[in-house]
> 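Supplied in structure tokens, the structure appears directly below.
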Amino acid sequence: MNPYAIFVDHVRGAVAALVRDGELARMPDLSRIAVEPPREASHGDLATNAALVLAKETGIKPRVLAEKIAAKLARVAHVTKTEVAGPGFINIAVEPAFWREVLEAALAEGEDFGRTDLGKGEKVNVEYVSTNPTGPLHVGHGRGAVFGDALANLLVHAGYAVTREYYVNDAGAQVDALARSVFLRYCEALGERVGAIPEGLYPGDYLVPVGKELTDRHGRALVDKPEAEWLPIVRAAAIDAMMAAIRADLAALAIRHEVFFSERSLSAGPADQVAATIEVLRKAGHVYEGRLPPPKGQVPEDWEDREQTLFRSTAFGDDVDRPLKKSDGSYTYFAADIAYHRSKIERGFRNMIDVWGADHGGYIKRVQAAVAALSGGKASLDVKIIQLVRLFRGGEPVKMSKRAGEFVTLREVVDEVGPDPVRFMMLFRKNDAVLDFDLAKVIEQSRENPVFYVQYAHARGCSVFRNAAEAFPGRALDAKALDAARLDRLSDHGEIALMKQIGVWPRLVEGAALTHEPHRVAFYLHELAGEFHSQWNRGKDMPHLRFIIGDDPEITLARLALVRGVVGVLASGLKILGVRAVEEMR
RNA sequence: GACCCCGUAGCUCAGCGGAUAGAGCAGCAGCCUUCUAAGCUGUUGGUCGGAGGUUCGAUUCCUCCCGGGGUCGCCA
């Protein structure tokens, strides 16, 4: 049950009634009508912009139209008052019974409360992490990983059929460099003198065991072979080892992908899908041989003007056409990426979401152009850019030296503070804003730490149930008992406010899913937790507002129902974020 | 030079084209010093970077400018 959606229907019904009455000449477009919680509580319980968005089409002044709609709405069940305000808003007041029905629905629906059929079972592909398998994930990758995972959860909750996918960048120069780095470690493990790892290779210690493992499997067999022979062998082993490590890092955050798609597989084997894709585009007239002007400003030193194979991305909104082949004849990363997205389209995905790091922002238009070209405009690609994470400890920046391959890995952070603070904090900021992550603050048990604050609200709710069981030994406090609770005993304004906040949840899920913004869930939970703590605290000054009233089992049961509603939504939201809903904080 | 992101209270940040722009922290003023577990309540504070434009209405959309960050064929 979504109370706001119900009222959108009521408003539409009111407009339809005006058409029947002859007050409106014909049915206007109702799609822009919204019902939302008003900014100020004094404005009532719900507000609609209907008269404002319909004024133009109907040719009736907003306030006049608002009066007409308001008059119809006044007759809707539970509505106690309607009033026209400001430029033409209609404020609607409902009796508390309406919010009690919302709470009842929330309890009855349980885990399904807040689910919507927005997605109508449509397939969505969410691609995230997708790093080169050349080393452990660092904290920035972690943010993208958590974001993608939470977004996928959110879309599932909103009724989409979601596939979580990782594009393994196992082709190209970087994995060759990885292979050479591992080869040195292999030689080292055999007692050869290796010296310092050369510039351009990966010096990190994490490759030492990979080299050693190769000696177990191949002995000295690879040492004297030419590079062309050992490289594929070492590379495959190295990639396997790195992917295993990356999966383990992700598993520590409870992140699992359904599909790992290998970039190398696109051009390996008998059918070169990259070539095939270029041919498809060429036949459609989107690929040509031509020249590009050098980039203005910073011209690369080795720039040479040459004729090359170009994708006409400018025809689809990009700034310049993009090369598909490097000077050595091999495909660009972009060419492979086009083939990859073609694969997604051919696998039936009309909706694609890619989660990329901030440094890939300039790449968005060309891939969207490719998707438009490949699908004839029928498939859509949304790219979410994940900004940097800055690490702090007690307000002081954590120094990271990139030289010597030393950086703070995701695993180090997860091991230090635990997965929950990492996941929650990564989502407690818009994806396109830089995030400050303080290793000390996120494990503080205080109000200032949002992770604790929200988890604590859940734990506190559970604690109320434990205390109630003690206060009323032998009395049933289960779902069935709560179902029979006299919710009409809930009349305190703080209680009503909590019920309203619970009622916002389904609407919030929809909004967050539509905009691909899981951070909204985190902020909402923080707010809900705040209101719950606040009501809890009011019981300090006003004992009659406590959840457990020793000599009044009836009101206690009603309040327990409310607490159950809050706990349920908190649990549901935390599940989307991938944060554990703990039952106690010890 | 071009493109993308960001610019909102002292600080950190929310804010689907709508009403008098919000929250937390800090500040200020009280309360509590015990209970239902890690305090509570109230409050000060803003020309939403600047200038135009579209609109009945702009923090939100468009253009230009300023400031910060990112990117700009043969890295992925």
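Given the structure is predicted, the values throughout are model-derived calculations rather than measurements. Naming: A, B, ... by sequence-line order, numbering from 1 per chain.
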> Only one of R282(A), R322(A), E289(A) forms a side-chain hydrogen bond (donor to acceptor under 3.5 Å, both in side chains) with T309(A), so which one is it?
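With T309(A) as partner, side-chain hydrogen bond (donor to acceptor under 3.5 Å, both in side chains) holds for just one option, E289(A).
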> Using whole Å, what does the distance between atom C1' of nucleotide rG69(B) and atom NZ of K430(A) come to?
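Distance check: K430(A) NZ to rG69(B) C1' gives 15 Å.
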> So, F147(A) versus H519(A), ring centres under 6.0 angstrom or not?
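F147(A) vs H519(A): aromatic centres not under 6.0 Å.
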> If we only count heavy atoms from C-beta on, is the H526(A) to Y453(A) side-chain gap below 4.5 Å?
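In contact.
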> Calculate the interatomic distance between D305(A) atom CG and rG73(B) atom C1'; express it in whole Å.
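It is 11 Å, rounded to the nearest whole Å.
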> Determine whether the side chains of Y340(A) and E165(A) contain a donor N or O and an acceptor N or O closer than 3.5 Å.
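Distance-only check passes for Y340(A) and E165(A).
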> With a 4.0 Å cut-off on heavy atoms, is Y363(A) in touch with a base, just the backbone sugar-phosphate, or nothing at all?
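Y363(A): base contact, heavy atoms under 4.0 Å.
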> Quick check with a 6.0 Å cut-off and a 45 degree axis cone: is R564(A) positioned over the face of F465(A)'s six-membered ring?
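The answer is yes, since R564(A) meets both limits relative to F465(A).
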> Between rA38(B), rG15(B), rG73(B), spot the one nearest the side chain of K540(A), thanks.
rA38(B)
> Select one nucleotide: of rC40(B), rC5(B), rC25(B), the one nearest the side-chain heavy atoms of E448(A).
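Out of rC40(B), rC5(B), rC25(B), the nucleotide with an atom closest to E448(A)'s side chain is rC25(B).
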> Would a distance-only check, ignoring hydrogens and angles, find a side-chain to backbone donor-acceptor pair under 3.5 Å from N449(A) to K441(A)?
yes
> Counting only distance, no hydrogens or angles, is the base of rG69(B) paired donor-acceptor with the side chain of Q387(A) under 3.5 Å?
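Side chain to base: no pair below 3.5 Å.
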> Would you state whether a donor and an acceptor, one from the side chain of H360(A) and one from the base of rA76(B), lie under 3.5 Å apart?
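Check passes, donor-acceptor contact within cut-off.
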> Could you write out RNA chain B as dot-bracket? Rules: Watson-Crick or G-U wobble, both distances under 3.5 Å, brackets [ ] for crossings, | for pairs with another strand, dot for unpaired.
(((((((..((((....[...)))).(((((.......))))).....(((((..]....))))))))))))....
> Base, sugar-phosphate or nothing for K325(A)? Non-hydrogen atoms, less than 4.0 Å.
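The residue K325(A) makes no contact with any strand.
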